[in-house]
*Asks:* 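Sharing a structure with you now.
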Amino acid sequence: MAATVSSPGITSSAFSRSVISSKPKVSQIGSLKSLDRVNVTPMSLNLSGKRSSIKHLNAEPKRNDSMVPLAATMVAEVTEEVEVAVETEDFQELAKKLENASPLEIMNKALEMFGNDIAIAFSGAEDVALIEYAHLTGRPYRVFSLDTGRLNPETYRFFDAVEKHYGIRIEYMFPDSAEVQGLVRSKGLFSFYEDGHQECCRVRKVRPLRRALKGLRAWITGQRKDQSPGTRSEIPVVQVDPVFEGLDGGAGRLVKWNPVANVEGSDVWSFLRTMDVPVNTLHAAGYVSIGCEPCTRAVLPGQHEREGRWWWEDAKAKECGLHKGNIKENAKGDNVNGESKPVVEDIFKSENLVALSRQGIENLMKLDNRREPWVVVLYAPWCPFCQAMEASYDELADKLAGGGVKFAKFRADGDQKEFAKQELQLGSFPTILVFPKNSSRPIKYPSEKRDVESLTSFLNLVR
């Protein structure tokens with residue numbers, strides 16, 4: 001089997017080294033020393049800028065269910081003699097050494113260590129920066145992506161633009177058709193709006209990823225600490241993957257690289273603009289974090305980027321399963337309904353706020369004629385989106401104190417979550433309700449603009 005690739009701007013001397021040359025393509029990046037782990041057999045290359053045919057690597061029959069090897073590389077025929085790096089490297093120590101390294105240095109180290117047994121996971125968003133970094137190292141690299149069958153048309157066009165820009169072929173992984181058929185026939189096309197996204201993501205994303213990683217010893221992701229305060233704030237630049245298995249099988253045998261873990265989103269975008277890298281046109285329409293079309297939407301100014309993903313669910317669930325290891329269980333935290341929550345300080349502390357108990361909010365719901373309207377926020381103190389609106393909600397409560405409006409909070413996670421979903425219209429945290437004077441049924445604040453001015457305008461309309 002053969003794949004067509006091109007090698008733009010690369011001379012034949014770049015391939016005589018491929019992975020182990022004592023003179024890396026990027027000279028002395030971070031003073032990295034090459035590892036004698038892969039022997040390279042040079043071959044003649046077509047350097048005219050046209051596509052050339054090369055032989056697939058590692059295409060043994062036993063790996064037919066994993067990634068098609070070497071579809072997105074610029075490498076000649078390689079004979080692998082790669083040792084199991086997980087056994088010989090202390091990756092926690094390596095993560096400490098690379099903590100202050102640039103993404104280019106980290107990418108160079110990852111490609112140097114794993115050669116053809118590592119690949120970049122490309123989602124079709126700003127993680128195209130990973131491909132640019134890999135391209136800048138001058139080393140061979142592979143790129144794979146999960147085609148769920150529900151991506152935006154703009155994302156598919158972006159994939160094509162990236163392939164043409166870098167002269168590569170992305171290795172697409174697809175969900176099992178029988179599994180998709182079974183899910184859709186039994187639960188419909190949009191079941192995730194009713195019972196959560198996890199099942200659909202498991203079929204369309206997690207299992208295809210698992211198959212892809214079975215053909216690798218390491219993978220590279222575009223995770224950043226600032227992407228999701230609840231789940232990604234502690235990711236290292238390199239780690240032993242806590243969830244998935246690689247080529248060698250067994251837990252703890254796959255390495256996960258996060259070269260831009262310590263980079264802020266604004267700096268990633270500065271890099272993309274400077275390097276004139278193609279980007280997904282959805283970004284210009286307000287999309288920041290991009291996934292499947294039914295589960296992704298544009299975010300408003302001031303909203304966190306992850307609020308555009310699975311917006312009908314609470315912040316705890318805003319991982320699709322590809323990075324499930326980021327969700328940490330805290331043995332010392334509250335454990336309700338099998339969910340472990342870290343012990344966190346309560347929020348919404350204004351003196352003009354009433355903390356309602358379950359009995360208190362049930363009594364409020366029973367009143368047909370109230371002396372004054374009530375505004376109640378349904379919240380969870382660990383939710384970063386609740387934390388983000390704390391200041392504006394407290395300010396509004398203080399601003400309208402004594403003005404004929406009561407402000408309250410009701411903690412709606414844990415044992416109270418099902419009650420809040422059924423009786424209080426809870427969809428995601430935070431949910432804001434207004435209880436008018438002459439109605440028992442609360443009115444749900446429909447917008448995600450949670451600044452003081454927007455909340456005041458809404459309150460004036462319904463009070």
Side-chain angles (χ1 to χ4, degrees), residues 3 63-73 118-131 134 141-163 166 168-184 189 192 196-216 218-224 227-228 231-232 241 243-247 254 256-258 260 279-280 282 287-296 306 308-310 317-326:
R63 278 189 250 164
N64 286 343
D65 62 341
S66 64
M67 285 169 50
V68 178
L70 203 63
T73 64
I118 189 171
I120 296 168
F122 178 41
S123 70
E126 81 281 1
D127 54 352
V128 67
L130 298 175
I131 302 177
Y141 62 96
R142 300 169 61 184
V143 181
F144 76 93
S145 189
L146 306 177
D147 184 351
T148 64
R150 311 237 17 203
L151 303 179
N152 288 277
E154 293 87 346
T155 299
Y156 289 112
R157 287 193 285 270
F158 179 45
F159 285 149
D160 183 64
V162 168
E163 288 189 324
Y166 292 103
I168 63 175
R169 279 287 177 259
I170 297 171
E171 304 176 43
Y172 297 103
M173 298 299 296
F174 300 91
D176 181 270
S177 59
E179 285 189 296
V180 173
Q181 179 175 285
L183 174 63
V184 173
L189 287 168
F192 37 81
H197 71 271
Q198 297 296 338
E199 182 178 17
C200 185
C201 285
R202 185 163 55 249
V203 170
R204 294 180 182 269
K205 298 176 74 173
V206 177
R207 288 172 182 163
L209 176 66
R210 195 176 298 278
R211 294 200 312 270
L213 297 180
K214 276 291 188 180
L216 299 170
W219 62 308
I220 303 169
T221 85
Q223 292 188 102
R224 303 191 320 272
Q227 281 177 325
S228 185
T231 61
R232 300 188 180 183
D241 195 299
V243 176
F244 294 100
E245 297 181 3
L247 180 63
L254 178 72
K256 185 177 184 179
W257 293 79
N258 309 300
V260 293
V279 296
N280 195 321
L282 287 173
Y287 290 74
V288 182
S289 179
I290 300 174
C292 293
E293 186 276 332
C295 304
T296 305
R306 296 296 280 185
R309 303 289 295 278
W310 309 295
K318 290 185 183 286
E319 290 286 358
C320 60
L322 305 188
H323 305 294
K324 184 179 178 181
N326 295 338

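Predicted model, so just to flag it, every value in this text is computed and none were measured.
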*Asks:* Check the angle between the aromatic planes of F159 and Y156 and answer parallel, tilted or perpendicular using the 30° and 60° thresholds.
*Replies:*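 Because their plane-to-plane angle is over 60°, the rings of F159 and Y156 count as perpendicular.
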*Asks:* Can you list the steps and then say if F158 with V128 is a side chain to side chain contact (heavy atoms under 4.5 Å, CB included)?
*Replies:* CA-CA 10 Å; F158 179 45; V128 67; 3.8 Å; yes
*Asks:* Looking at N280 and L282, would you say the former's side chain and the latter's main chain have a donor-acceptor pair under 3.5 Å?
*Replies:*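 Side chain of N280 to backbone of L282: a pair is present.
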*Asks:* What are the two closest non-hydrogen atoms of E126 and V288, and how far apart are they?
*Replies:*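 Nearest heavy atoms, E126 then V288: OE1-O, 3.7 Å.
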*Asks:* Minimum heavy-atom separation for D147 and P175, please, with both atom names.
*Replies:*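 Answer, listing the atom of D147 first, then P175: O-CD, 3.2 Å.
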*Asks:* Quick check: do I168 and Y141 have side-chain heavy atoms less than 4.5 Å from each other?
*Replies:*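 They are in side-chain contact.
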*Asks:* Can you name the nearest heavy-atom pair linking F192 to H197, along with the distance?
*Replies:*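 Minimum heavy-atom contact is CB-CA, 3.8 Å.
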*Asks:* Answer yes or no: is there a side-chain heavy-atom contact under 4.5 Å between W219 and K256?
*Replies:*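 They are in contact (side-chain heavy atoms under 4.5 Å apart), so the answer is yes.
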*Asks:* Which atom names give the shortest non-hydrogen contact between R211 and D176, and what distance separates them?
*Replies:*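 Taking every non-hydrogen atom into account, NH1-N, 4.4 Å.
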*Asks:* From F122 CZ over to I170 CD1, what is the distance, rounded to the nearest 0.5 angstrom?
*Replies:*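 Going from CZ on F122 over to CD1 on I170, the span is 5.5 Å.
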*Asks:* Let's go through E293 and N152 carefully: what are the C-alpha distance in whole Å and the side-chain angles of both, what is the deciding distance for side chain to side chain contact (heavy atoms under 4.5 Å, CB included) to 0.1 Å, and is it a yes or a no?
*Replies:* CA-CA 5 Å; E293 186 276 332; N152 288 277; 3.2 Å; yes
*Asks:* With the side chain counted from C-beta on, respond yes when M173 and L146 share a heavy-atom pair under 4.5 Å apart, and no when they do not.
*Replies:*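 Yes; the side chains approach each other to less than 4.5 Å.
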*Asks:* Quick check: closest heavy atoms across V203 and P208, and the distance to 0.1 Å?
*Replies:*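 Looks like O-CD, 3.5 Å.
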*Asks:* Please report the interatomic distance OG1(T296) to CZ(R150), rounded to the nearest 0.5 Å.
*Replies:*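 Between T296 OG1 and R150 CZ, I get 11.0 Å after rounding to 0.5 Å.
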*Asks:* Roughly how far, to the nearest 0.5 Å, is the CG atom of L130 from the CD atom of Q223?
*Replies:*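 Rounded to the nearest 0.5 Å, the CD-CG separation comes to 10.5 Å.
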*Asks:* Less than 4.5 Å apart, any side-chain heavy atom of V206 and any of F244?
*Replies:*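 Touching, per the 4.5 Å side-chain cut-off.
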*Asks:* Kindly indicate whether the side chain of L216, heavy atoms from C-beta on, has any atom under 4.5 Å from the side chain of F144.
*Replies:*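 Yes, close enough: below the 4.5 Å cut-off.
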*Asks:* Tell me the closest heavy-atom pair linking T148 and R204, and the distance in Å.
*Replies:*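 For T148 and R204, the tightest heavy-atom pair comes out as O-NH1, 2.8 Å.
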*Asks:* Can you tell me how far apart CH2 (W257) and CD1 (I220) are? Round to the nearest 0.5 Å.
*Replies:*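 Here the rounded value is 8.5 Å.
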*Asks:* So how far is it from R202 CZ to L209 CG, rounded to the nearest 0.5 Å?
*Replies:*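 So the CZ of R202 and the CG of L209 are separated by 14.0 Å.
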*Asks:* Once you round to the nearest 0.5 Å, how far does CD1 of I120 lie from CD1 of I131?
*Replies:*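 Reported value, rounded in 0.5 Å steps: 6.0 Å.
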